[in-house]
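The structure appears right after this line, and notes come after that.
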Amino acid sequence: MQTPPPRSSAPAVSAVPGFASFVALGDSFTEGMSDRLPDGSYRGWADLLAGRLAAGTPGFRYANLAVRGKLIRQIADEQVDAAVAMRPDLVTLVGGLNDVLRPGCDVEAVCALLSSCVERLAPACGQLVLMRSPIRRGPVATRVMPRIDRLFAEVAAAAERHGAVVVDLYGAEVLGDRRMWADDRLHLTDDGHTRVAEAVWQALGGPAESPWLDPLPPAVRAGWAARRTADLRFARHHLLPWIGRRLTGRSSGDGLPPKRPELLPYADAPGAPAPAETPS
């Protein structure tokens, strides 16, 4: 499978503009699975990006409306209007990949919904950011690649129409490395989320703080028995439950609220550092 070189439509500037508020929309990728904190909650790239943006902006506010398992129709119906009402400086929207991975997906309908989301969000925020999502290289991605290509083409076209920044995570070879993916083979590790946060930071014009495109060290191939054990563990703990949800029409996000539904000061975010004490 030929991978295009990484690219971004971000302007070449030396510092991030003064974003005072940030709202993130999407599914499990933006919720932060599987970058788990000690208390069992998820951090993820959006929280990491919010922390960076908050560091130089007193009173910075952050909301994360993402919920795992959401399809683009649910993002459009449940998250977009809420984000528009907040009128934030910065919005990130990542969605549609859950749809195109499903058998029988109507990719044109998915693209139309994505375009509608962009059309509603772009005028309501200072800067909209879209992404070509990272994909774990393997047979599943290969089978649905025509649909993924169509989705990513719509991301680029919608961004062009509405002045959004596109961050190309799919084109980054390192994010396709299997070692960047958690045991469920669907979500990035903490290192993966850290690199995504750096990618978005740089796309917004922030000075590079780490080389997010650097490859991992050469892999040491596990033995046959270890690979089969890992495959069986994956099937038992992740694949079979996923199939069960598909057959029964359920989602991993059913009944879960948005991660951070209100646009509140970043200091109130889970995992955020406590405010420094003021000397008396």
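Not measured: the values here are computed from a predicted model.
- In this structure, R195 is not positioned above the aromatic face of W212 in the sense of NZ or CZ being under 6.0 Å from the six-membered ring centre and within 45° of the axis.
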Original post:
Would V166 and V155 satisfy side chain to side chain contact (heavy atoms under 4.5 Å, CB included), going step by step from the backbone distance to the final call?
Top reply: CA-CA 8 Å; V166 178; V155 167; 4.2 Å; yes
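- Minimum interatomic distance between R87 and P123 (heavy atoms only, all atoms of both residues): NH2-O, 3.7 Å.
- Between Y170 and D168, the side chains place no donor N or O within less than 3.5 Å of an acceptor N or O (distance only, hydrogens not considered).
- Ion pairing between E108 and R150 holds under the 4.0 Å rule for side-chain N and carboxylate O.
- N98 contributes a side-chain N or O that, together with a main-chain N or O of K70, makes up a donor-acceptor pair within less than 3.5 Å.
- With hydrogens and angles disregarded, a donor-acceptor distance shorter than 3.5 Å links the side chain of D99 to the backbone of I72.
- Closest heavy-atom contact between A199 and V167: CB-CG1, 4.0 Å.
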**OP:** Would you please test D27 and V67 for side chain to side chain contact (heavy atoms under 4.5 Å, CB included) and show each step?
**Re:** CA-CA 5 Å; D27 51 33; V67 178; over 6 Å; no
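- No hydrogens or angles considered: nothing links the side chains of D191 and T189 as a donor-acceptor pair under 3.5 Å.
- Here the OG atom belonging to S41 is positioned 12.0 Å from the CE atom belonging to M33, to the nearest 0.5 angstrom.
- A donor-acceptor pair under 3.5 Å is absent between the side-chain atoms of W201 and the main chain of A208, judged by distance alone.
- The main-chain N or O of A182 is never found under 3.5 Å from a side-chain atom of R178 such that the two would form a donor-acceptor pair.
- Side chain of S116 to main chain of A112: no donor-acceptor pair is present (N/O by atom type, distance under 3.5 Å, no hydrogens or angles).
- Below 30°, between 30° and 60°, or above 60°: for Y266 and F60 the angle between ring planes is above 60°, a perpendicular geometry.
- The number of heavy atoms from other shown groups lying within 6.0 Å of CD (E78) is above 12.
- Looking at heavy atoms from C-beta onward, E198 lies out of side-chain contact with L48 at the 4.5 angstrom threshold.
- Side-chain atoms of S21 do not come within 3.5 Å of backbone N or O of R61 as any donor-acceptor pair.
- Within 6.0 Å of CZ on R73 lie no more than 12 heavy atoms contributed by other residues, nucleotides or ligands.
- A distance of 8.5 Å separates OG1 of T142 from CD1 of I148, quoted to the nearest 0.5 Å.
- The closest side-chain heavy-atom distance from L97 to I135 is below 4.5 Å.
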Original post:
Would R120 and D81 satisfy salt bridge (Lys or Arg N to Asp or Glu O under 4.0 Å), going step by step from the backbone distance to the final call?
Top reply: CA-CA 8 Å; R120 291 152 62 192; D81 285 345; 2.8 Å; yes
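- With a 4.5 Å cut-off on side-chain heavy atoms, V80 and L121 count as touching.
- To the nearest 0.5 angstrom, N64 atom CG is 5.0 Å from K259 atom NZ.
- With a 6.0 Å radius and a threshold of 12 heavy atoms from other residues, nucleotides or ligands, E209 has its CD atom above the threshold.
- Just one residue in the list R36, H187, R68, H193 forms a side-chain hydrogen bond (donor to acceptor under 3.5 Å, both in side chains) with Y42, and that residue is R36.
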**OP:** Let me see the working for T30 and L25 under side chain to side chain contact (heavy atoms under 4.5 Å, CB included), right down to the final yes or no.
**Re:** CA-CA 7 Å; T30 301; L25 287 72; over 6 Å; no
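- Atom-to-atom distance recorded for L130:CG and T92:OG1 is 9.0 Å, nearest 0.5 angstrom.
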Subject >> Stepwise side chain to side chain contact (heavy atoms under 4.5 Å, CB included) test for L93 and I75 >> reply: CA-CA 9 Å; L93 169 65; I75 293 171; 3.9 Å; yes
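- Taking every heavy atom of both residues into account, R161 and S115 meet most closely at NH2-OG, 2.8 Å.
- Proximity of a side-chain donor or acceptor of E154 to a complementary backbone N or O of L151 within less than 3.5 Å is not detected.
- Taking CG of L114 as the start and CD of E119 as the end, the distance is 11.5 Å to the nearest 0.5 Å.
- Looking only at side-chain heavy atoms (C-beta outward), D89 and C125 stay at 4.5 Å or farther from each other.
- Residues V94 and F29 come closest through the heavy atom pair CG1-CD2, 3.8 Å.
- Of the possible polar contacts, one joining the Q79 side chain to the G26 backbone as a donor-acceptor pair under 3.5 Å is found.
- At a threshold of 4.5 Å between non-hydrogen side-chain atoms, the residues L175 and W181 do not count as touching.
- Considering only heavy atoms from C-beta on, P88 comes within 4.5 Å of V91 through its side chain.
- Listed for the R43 side chain is no donor-acceptor partner under 3.5 Å among the backbone atoms of S34.
- The CG atom of L101 sits 7.5 Å away from the CG atom of L186 when rounded to the nearest 0.5 Å.
- The two residues A50 and F22 come nearest to each other via the heavy atoms CB-CD2, 4.0 Å.
- For the pair D35 (side chain) and G44 (backbone), a donor-acceptor distance under 3.5 Å is present.
- In this structure, P215 and E173 have side chains that are not in contact, with every pair of non-hydrogen atoms separated by 4.5 Å or more.
- With a 4.5 Å cut-off on side-chain heavy atoms, M86 and L65 count as touching.
- For the pair L71 and Q74, the tightest heavy-atom approach, listed with the atom from each and the gap, is N-OE1, 2.8 Å.
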